**Q** 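First the structure, which I've put down as structure tokens, then a few questions once you've had a look.
The figures here come from the full heavy-atom set of this structure, side chains too, leaving out hydrogens, waters and symmetry mates. All values reported here derive from a predicted model rather than from experimental measurement.
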Amino acid sequence: MSTPTRAFVGRLSELDVFDPLGDKVGRVRDVVVTFSASRSRPRVIGLVVEVPGRRRVFVPMTRVTSVEGGQVITTGLVNMRRFEQRPNETLVVAELFERAVQVRVDSGDVVGATVQDVGIEQLGPRGWGVTRAAVRFSASRPGRLGIGRRRGETYVAPIEDVVGLRDPSEGQGAAKLLETYEDLKPADLAEVIHDLSPQRRAEVAAALADERLADVIEELPEDDQVEILVGLEVSRAADVLEAMEPDDAADLLSELPPERQEELLAKMQPDEAADLRRLLTYDENTAGGLMTTEPVILGPEASIAEALAVVRRQELSTALACTVFVCRPPLETPTGKFLGIVHIQRLLRDPPHAAIGSILDKDVEPLLPTASLGQVTRTLATYDLVGMPIVDEEGHLLGAVTVDDVLDHILPDDWREERHDVVTHEEVTRG
């Protein structure tokens, strides 16, 4: 009789998936299990596999023929519909790693621990189950763990000796989940977070750094954005809003009750709050409602080399980095007198020592903040622009509208939720 196939999920979630011909299908990102009162062990029903295009799909364990040799082999039949977690399903990496549990040890004591990894095993020709859990002890008193065991020690326990794995515990961490997805772009991490339960979403949001959380929130559907922001402590919510693009932050604030808006604005830096208050006065389908108040702004005497150094900044979005807006001092919105724009291609063609004031594009007429979405869209399309200036009646630069701002408003409201749905190649029932 052959040795049962075994694997720890932490290791499995890094493996590539191949079809029988050796062609790569994708990479394992998580394992789906179900709990049942009639079974002592959770049942493994499938894998969440990331396929090209950062799409995550469900591959049933009945389609898995091998998980050995540092790779996963499938039958080649994969449902390409975007994975959606069902109420009775649990994601091991996303929901079980870092969970606080109680473990029965050799001494007979039941002690506190946190889950570090989960072991699965093939129990029959078509069945897989959770058989082990690697835990880290958190007992606070010497002797509680039995002879030779210490707090912080890692221990592999039979799954039957682990209590509390099924139900969420207070203080569950999200470090392991974020470690698994640390290479994802904000839009892709947002998709992962969107698929989580509300409680787990809140835990992950709490574990993310402010800047990373701000980037992710900008990519989430509106309901998720509001849910996460409302769930944060007020001071932290204000910090996250400051880290967001001003136009996105204003859009999110507009979805909150007025009293909550004021509470958050009062916690923000005065200059950041002033920008958002100004943006909130514009209708969302006007240039003022679409614009960001933080485009790249330089004076006409700045050199091309200086301009290139500024647009290289990592925190700038691709759209904002394509255009430099040239104004007379002071070089900030809404006070600088607008002179013209310089496109990044022109910066790359001219000598680095030249002043950007000598290569201005003055043919683009700026729009007023009251301009309609249609006017903005037509102007961007007519002049093949990535970004365009928005000014007041005296010609002071108020902000800039970029192509991505316009796309967010002309696409359907639910485009973020449907962007990875595709035609199904094979319908798979999982129960």
**Q** Does any part of the side chain of Val115, heavy atoms only, come nearer than 4.5 Å to the side chain of Glu98, both counted from C-beta?
**A** no
**Q** Do you see a donor-acceptor pair shorter than 3.5 Å between the side chains of Glu95 and Gln199?
**A** no
**Q** Are Glu160 and Arg41 ion-paired here, with the side-chain N under 4.0 Å from a carboxylate O?
**A** yes
**Q** Is a salt bridge present between Arg212 and Asp215, judged by a nitrogen-to-oxygen distance below 4.0 Å?
**A** no
**Q** Between the main-chain N or O of Ala134 and the side-chain N or O of Gln116, is there a donor-acceptor pair closer than 3.5 Å?
**A** no
**Q** Quick one, Asn79 and Phe58 - any side-chain contact, counting heavy atoms below 4.5 Å?
**A** no
**Q** Phe35 versus Asn88: any side-chain heavy-atom pair under 4.5 Å?
**A** no
**Q** Evaluate salt bridge (charged side-chain N to carboxylate O under 4.0 Å, His left out) for Asp239 paired with Arg236, printing each intermediate quantity in order.
**A** CA-CA 5 Å; Asp239 291 340; Arg236 188 174 183 222; over 6 Å; no
**Q** Can you establish whether the number of heavy atoms outside Glu315 located under 6.0 Å from its atom CD is more than 12?
**A** yes
**Q** Do Leu385 and His343 make a side-chain contact, defined as non-hydrogen atoms from C-beta onward lying under 4.5 Å apart?
**A** yes
**Q** Say whether Glu284 and Thr286, considering side chains only, have a donor N or O and an acceptor N or O under 3.5 Å apart.
**A** no
**Q** Does a side-chain N-to-carboxylate-O contact under 4.0 Å join Glu84 and Arg82?
**A** yes
**Q** Are Val103 and Val163 packed together at the side-chain level, in the sense that at least one heavy-atom pair is separated by less than 4.5 angstrom?
**A** no
**Q** Heavy-atom distance under 4.5 Å between the side chains of Gln71 and Leu15, does that happen here?
**A** no
**Q** Would you call Leu96 and Val130 a side-chain contact if the rule is heavy atoms closer than 4.5 Å?
**A** no
**Q** Does the Arg99 side chain pair with the main chain of Leu165, one donor and one acceptor, at a distance under 3.5 Å?
**A** yes
